[in-house]
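Written out below as structure tokens is the structure these notes cover.
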Amino acid sequence: MDLHLKNLFDRFQEQFGSGPGLGPGSGTCLMKVEGISSNFIKLLFKASAALYRTEPWRRLRPGHLFGVRVGKDSDWSGKKQPFPCSQFIGGDGGDIGFYMFRSENDAKKMTGSRETIRAPNVELLRVTYELETLMFPSNRKMIKSLSLEASGNDRFPVIDVTRCTSSGELQFRNPTLEELKFVYAFMRAISLVHPLLQADKEGGPNWTKLISFGPFIETVDIQWPPEMARGHELVAVTISHPPGQAYEEKISSTASSTPTKYAEPPDEVTFMDIRVNSNSSSRHCAMCEKEVNGDQSLCCGRCRAVVYCTSLCQKQHWKESHKSMCGLYKAMMEREEELVMKIFMFPCSAAQPCKWLESLGIHQKGMWRRKCSCYSHCPFGLLPVKGGLWDSWGGLDDEEYPGDLPFHNQLRDGISSPILLSGWSEYYNLRSLPLSSPVADILSHPLTVYHILTALSINTKNLLLKGKEVILHYLGPEGEMDWMPAFSEISHLLNGLGNIQIIMVGPEVPTNLSGTTSGISSRVRVNLVRGVYQEEATYLPSPHVIVALNCALDRYSSWGGALDLIKAIGVPAFFTEQSEILCANAKQVLRGAGLHITHPVTPNPFRSPVKNHDSSTNLPSYSNGFVLGVNA
């Protein structure tokens, strides 16, 4: 009897909910929406499934409201955003889905502490993830006839527009094509940006279990389906939390410019001495680039990020450029603590690389020779190799570096498949490496590549899971050409499924290595090609993804032709930069090339834990610190 009641209650709970939400779908069917195409329905279900995979309900509750802005107000009927406020429901019981409201005030009216309140005369758009077995026949028929993608194992989205009457009853209708267009853009954008929310441990009241998040705003470019484009293939979607969070735009901003998050600093210019340990490296003045010792330098007293040789240079730099950037630098300095990887037990600051390497006993040894300038006379890829893996890792103890061995007992449903990693802690644990081992500093390159292929690029992840080959174009290789033993770790992470061909293209490839192939493992091979990418790409096999690590897009004019080609072929491309300011510059370069950022700037979980500094600023810098993507 107890089992019967449990099954009955579970089915009731699945069908009618038991917490926030307005109950099951109303039976509306997208096939009845005027002007809708089968292709757009498929894209809606695909976007819905992609959002479902990101599991926003793990952290988000109805009390977390988001502001939504898709394009310009003039793009929509009534010259205003259709549903500028949204919330996720289902994280604490009840229906699984999300609601979109006509205003933040409407959202607050309907959000109770435990239940969704039926506020009179409030209209909202609902997307509810329902079990296929509980759906109306018309929707099940649509799913079968169009072969629509499921969300999770057996759920599909039901989309309707609901109005609460003054008597508390619910009225339902099909959404319009324009409303579906809006929700499509929201689903694509929120799946990219909600993982970026940072918990504010001190921001919420002690009496609630609701996670408090810090103020957040991010804009991403979303590609419209062909039938929706109307001459504009992409649209900027801005997600903010809380909804009132907004960019502070400068007066000089134009309609087409990207607003800045930071207001102009006050006119007062303040100075302070930088007191640096005597063993720190020399710096360069941000204005005149003169080399200056730490104990003789000055920095901006507001952001404390920029280094100068004299107060005259500081004042001149303030007038010419720093005044508009000071707020941005200040915010970056305040986030420095968030970037520190506190799990490691070796020194994670390398202001003087040689001394750092000496402290670890690996200076001028093995692959570590590319971590300082002592072997800069030797061309990339041509470091003399003495022996096996032990020598390559600089003579570290056997338990301190990954051996050329497979991972054991890593099966999914009894089948071998690529190992999906969340970060360094998981990797070190799987490899049984001590957290005193510095190998993460070199492994950052191959594991960042693997992270892109298995976490950021859905297409390459699916190919690998199906056991197929992925072709990756790797632009601008330098020191990593001497780190092939480290790149062989990718083969072990594939865990017996799939193959990767990495084609490294760049002007630093030695002439005598160009055209060679290195089978560094059974599942990963590396081809080296000397030259500029846009000139060599015609002769290369078409890539599934393009990668450029620590690329410094704003510092080399040669990137122009490569970016034009990336735009023309439309292949997903991912870039890493070492600091936030380089990311900000990279975004400008990419947008100037006509590329639209589809994967926003995020801290890379496989960035090097070793902190450096740009020579003219105090801004923290980490190899492969941040990743962003286009065409993804």
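For clarity, every value in this text was computed on a predicted model and none was experimentally measured.
Shown here are the ring pair (Phe, Tyr, Trp, His ring centres under 6.0 Å) partners of Phe98, two or more places apart in sequence or in another chain: Phe88, Phe186. With sequence neighbours excluded, no residue forms a side-chain hydrogen bond (donor to acceptor under 3.5 Å, both in side chains) with Tyr52. Not counting sequence neighbours, the partners of Asp73 by the salt bridge (Lys or Arg N to Asp or Glu O under 4.0 Å) test are Arg69. In this structure, the ring pair (Phe, Tyr, Trp, His ring centres under 6.0 Å) partners of His451, at least two apart in sequence or on a different chain, are Phe606. With sequence neighbours excluded, the residues satisfying side chain to side chain contact (heavy atoms under 4.5 Å, CB included) with Pro84 are Gln81. Take Ser38 and apply the side-chain hydrogen bond (donor to acceptor under 3.5 Å, both in side chains) test, not counting sequence neighbours, and it matches no residue. Not a single side-chain hydrogen bond (donor to acceptor under 3.5 Å, both in side chains) links Arg140 to another residue, sequence neighbours left out. With sequence neighbours left out, the salt bridge (Lys or Arg N to Asp or Glu O under 4.0 Å) criterion links Glu55 to Arg58. Not counting sequence neighbours, the partners of Asn39 by the side chain to side chain contact (heavy atoms under 4.5 Å, CB included) test are Ser37, Leu43, Glu227. Evaluation of the salt bridge (Lys or Arg N to Asp or Glu O under 4.0 Å) rule for Glu179 yields Arg102, Arg173 as partners, not counting sequence neighbours. Residues passing the side-chain hydrogen bond (donor to acceptor under 3.5 Å, both in side chains) test with Arg188 are Tyr184, sequence neighbours excluded. When the side chain to side chain contact (heavy atoms under 4.5 Å, CB included) test is applied to Lys72, the partners found at least two apart in sequence or on another chain are Ser74, Asp75.
For the pair Cys300/Cys326, a side-chain contact is recorded, criterion being any heavy-atom separation below 4.5 Å from C-beta on. A 4.5 Å side-chain heavy-atom check between Tyr622 and Val340 finds at least one atom pair inside the cut-off. Side chains of Phe40 and Leu180 form a contact here, defined as non-hydrogen atoms less than 4.5 Å apart. Side-chain contact check for Val589 versus Leu563: some heavy-atom pair is nearer than 4.5 Å. Using a 4.5 Å heavy-atom threshold, the side chains of Tyr99 and Val127 count as separate. A heavy-atom distance below 4.5 Å is found between the side chains of Lys587 and Val601. Put simply, the side chain of Thr111 does not reach to within 4.5 Å of the side chain of Thr116, judged on heavy atoms. Annotation: side chain of Leu456 is in contact with side chain of Phe574 (closest heavy-atom distance under 4.5 Å).
Inspection of the Glu426 and Ser422 side chains reveals an N or O donor paired with an N or O acceptor under 3.5 Å. A side-chain donor-acceptor contact under 3.5 Å links Thr162 and Asp160. Between the side chains of Thr238 and Thr219, at least one donor N or O sits under 3.5 Å from an acceptor N or O. Inspection of the Ser77 and Glu178 side chains reveals an N or O donor paired with an N or O acceptor under 3.5 Å.
Within a 6.0 Å sphere centred on CG of Asn153, heavy atoms belonging to other residues, nucleotides or ligands number 12 at most.
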Test log, rule side-chain contact (heavy atoms from CB on, under 4.5 Å), inputs Trp559 and Cys551: CA-CA 9 Å; Trp559 277 114; Cys551 54; 3.5 Å; yes
side-chain contact (heavy atoms from CB on, under 4.5 Å) evaluation trace for Gln578 with Asn624: CA-CA 5 Å; Gln578 297 191 56; Asn624 300 313; over 6 Å; no
Verdict with supporting geometry, His599 and Thr602, side chain to side chain donor-acceptor pair (under 3.5 Å): CA-CA 8 Å; His599 179 81; Thr602 55; 3.3 Å; yes
Derivation of the side-chain contact (heavy atoms from CB on, under 4.5 Å) call for Leu453 and Lys461: CA-CA 6 Å; Leu453 294 178; Lys461 177 182 178 180; over 6 Å; no
From CA spacing to verdict: side-chain contact (heavy atoms from CB on, under 4.5 Å), Ile597, Val220: CA-CA 6 Å; Ile597 297 165; Val220 294; 5.9 Å; no
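Taking all atoms of both residues into account, the shortest heavy-atom contact from Met100 to Phe83 is O-CD2, 3.4 Å. When every heavy atom of Ser166 is checked against every heavy atom of Asn121, the shortest pair comes out as N-OD1, 4.4 Å. Counting all heavy atoms, side chain and backbone alike, Ile159 lies closest to Pro175 at O-CD, 3.7 Å. His64 and Ile211 get closest at one heavy-atom pair: NE2-O, 2.5 Å. When all heavy atoms are compared, the tightest approach of Cys164 to Met110 is SG-CE, 3.8 Å. Among all heavy-atom pairs drawn from Leu196 and Pro600, the shortest one is CD1-CG, 4.0 Å.
The SG atom of Cys29 sits 4.5 Å away from the CE atom of Met142 when rounded to the nearest 0.5 Å. How far CD1 of Ile190 is from OG of Ser86: 6.0 Å, rounded to the nearest 0.5 Å. Summarising the geometry, atom OG belonging to Ser621 is positioned 7.0 Å from atom CG belonging to Leu582; distances are rounded to the nearest 0.5 Å. Of the inter-residue distances, the one linking Asn604 atom CG with Ser444 atom OG reads 6.0 Å to the nearest 0.5 angstrom. Separating the OG atom in Ser48 from the CZ atom in Arg155 is a distance of 11.5 Å, to the nearest 0.5 Å. Taking CG from Leu60 and CG from Leu197, the interatomic distance works out to 6.5 Å, rounded to the nearest 0.5 Å.
Classification of the Phe45-Phe156 ring pair by plane angle, with boundaries at 30° and 60°, yields tilted.
A salt bridge does not link Lys109 with Glu123: none of the charged nitrogens is closer than 4.0 Å to a carboxylate oxygen.
Ring pair Trp57/Tyr129: centre-to-centre distance below 6.0 Å.
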